Amino acid sequence: MTPVLSHEVAEALAQRRPVVALESTIFSHLGLPSPANAQALHQCLAAIRQAGCVPAVTAVIDGVVRLGIDESEHQRILGAARKVAERDIAVAVAQRWEFGATTVSAAVAIAASGGVSVFATGGIGGVHRGSEITGDISADLDAIAHYPVVTVSAGAKAFLDLPRTLEYFETIGVPVLGWQHDWFPAFYTRSSGIKIPHRVEGADEVAEILVNRSRPNTGVLLTVPIPIEAELDATNLDHVLAQALKDCDVAGIRGAGVTPFVLGRIGQATDGKSVPANLALAQNNAHVAGLVAVAMCRLDH
Ligand code: PSU
Ligand code: MN
């Protein structure tokens, strides 16, 4: 699979300037309601540019795998979409899907194929609660492990089994780093109560960790806690998440449908309070990813 690069991304890579990849599920109807999705897209793009980098949104558009889109195509990213995980990319191409929204697993695969080594998202997928029965473990985890990319995220939502998610990363050999923070973040909240394996203080350190991986072609997870002023109240959230999972079970939702379903319920149950929190953390992750991409370039030169 070779992605088609936007003119701007191709030029930046040729000149060895920093590029940050983005997934497109968070900007589609599957990730955030309108108009917050458009706002998220613009804020993430702006944060990456402010850091001196070129943004590269990943997607499958009209059956073509894309790394970087033009402004005239933004509207296509914001609409209804089918989720494209890494394994679905080939299917989306062969079947000429009109718009496939990339998940984390697809985005890191496309970024790596295009030569981009830093990727920003909101939250990653993980090991689901009850996975010992359902076997539901997000393909994000293996993709983060097997492509030479730094994934920058605000951890994962607490409706997942966060201790098992961290165990899984240990098993597949992914360094999990905390950005100026000692705890694995739980997306809307700064701490899940689980200690992060390694705390890092700056972008140069992260870049050096990626290039020093002993196994070739393996990635790193950098977690960045949501900014303090945007953090939600954890006590209310626990109740909301438990209810969302029950509703999901009752509705008989499985597989790729689980995450979008639970996300939708969280939005409703928090009276929309989850939306500004989501925007704040996505923008902050894009900013930190920009710093890391600049550091990667410094290391390269
Ligand atoms: N978690 C979120 N918001 C999201 C997702 C996860 O808080 O939008 C999306 C991401 O695209 C992630 C995907 O890669 O869901 C994981 O889906 P699954 O659980 O089906 O692997
Ligand atoms: Mn799943």
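Just so you know, ligand 1 is whichever comes first in the structure, and atom 1 is the first atom listed for that ligand. Below, each value reflects all heavy atoms present in this structure, side chains not excepted, and no hydrogens, waters or symmetry copies. Starting from 1, each residue takes its place in the sequence as its number. The structure displayed is predicted, hence computed values, not measured ones.
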| After noting the C-alpha distance and the side-chain angles of Ser105 and Thr103, does the key distance pass the side chain to side chain donor-acceptor pair (under 3.5 Å) rule? | CA-CA 5 Å; Ser105 68; Thr103 65; 3.2 Å; yes

| query | Should you measure from each heavy atom of Lys83, which atoms of ligand 1 turn up under 4.0 Å away? | reply | 17 (O), 18 (P), 20 (O)

| message | Tell me whether Gln43 contacts the main-chain N or O of Gln283 through its side chain, where contact means a donor paired with an acceptor under 3.5 Å. | response | no

| note | A student checking ligand 1 against Ile26 at a 4.0 Å heavy-atom cut-off should list atoms 8 (O)

| request: Look at atom CD of Glu71 and say whether more than 12 heavy atoms of other residues, nucleotides or ligands are closer to it than 6.0 Å. | output: no

| field | Under 4.0 Å to a heavy atom of Phe187 - the qualifying atoms of ligand 1, by number | value | 7 (O)

| field | Sub-4.0 Å atoms of ligand 1 with respect to non-hydrogen atoms of His128 | value | 19 (O)

| message | As an exercise, identify every atom of ligand 1 less than 4.0 angstrom from a heavy atom of Lys157. | response | 2 (C), 3 (N), 7 (O)

| query | In the protein, which heavy atom is nearest to atom 11 (O) of ligand 1, and how far is it? | reply | Glu23 OE1, 2.7 Å

| Minimum-distance pair of heavy atoms, taken over all atoms of Val104 and Gly123 | CG2-O, 4.2 Å

| Are any side-chain N or O atoms of Arg190 and backbone N or O atoms of Ile226, one a donor and one an acceptor, separated by less than 3.5 Å? | yes

| field | atom 1 (N) of ligand 1: the protein heavy-atom neighbour that sits closest, reported with distance to 0.1 Å | value | Gly123 O, 3.6 Å

| note | Here the pair of heavy atoms bringing Ala111 nearest to Ala21 is CB-CB, 3.7 Å

| query | Starting from atom 21 (O) of ligand 1, which protein heavy atom do you reach first, and at what distance in Å? | reply | Ser138 OG, 2.7 Å

| request: Pull out every atom of ligand 1 sitting under 4.0 Å from any heavy atom of Thr25, numbered as shown with elements. | output: 11 (O)

| query | What is the minimum heavy-atom distance between Val108 and Ala143, and which atoms define it? | reply | CG2-CB, 3.6 Å

| Short side-chain to backbone donor-acceptor contact, Arg96 and Ala94, under 3.5 Å | yes

| Of the N, O or S atoms in Asp136, the one nearest the Mn ion (ligand 2) | OD1

| query | Can you tell me the protein heavy atom closest to atom 19 (O) of ligand 1 and the distance? | reply | Thr259 OG1, 2.7 Å

| query | Under 4.0 Å from ligand 1, counting heavy atoms only, is it the side chain of Thr103, its backbone, both or neither? | reply | both

| query | Do we see a donor-acceptor contact under 3.5 Å between the side chains of Thr235 and Asp233? | reply | yes

| Of the backbone atoms (N, CA, C, O) and the side-chain heavy atoms from C-beta on, which set of Asp140 has a member under 4.0 Å from an atom of ligand 1: side chain, backbone, both, or neither? | side chain

| query | At under 4.0 Å between heavy atoms, which part of Leu263 makes contact with ligand 1: side chain, backbone, both or neither? | reply | side chain

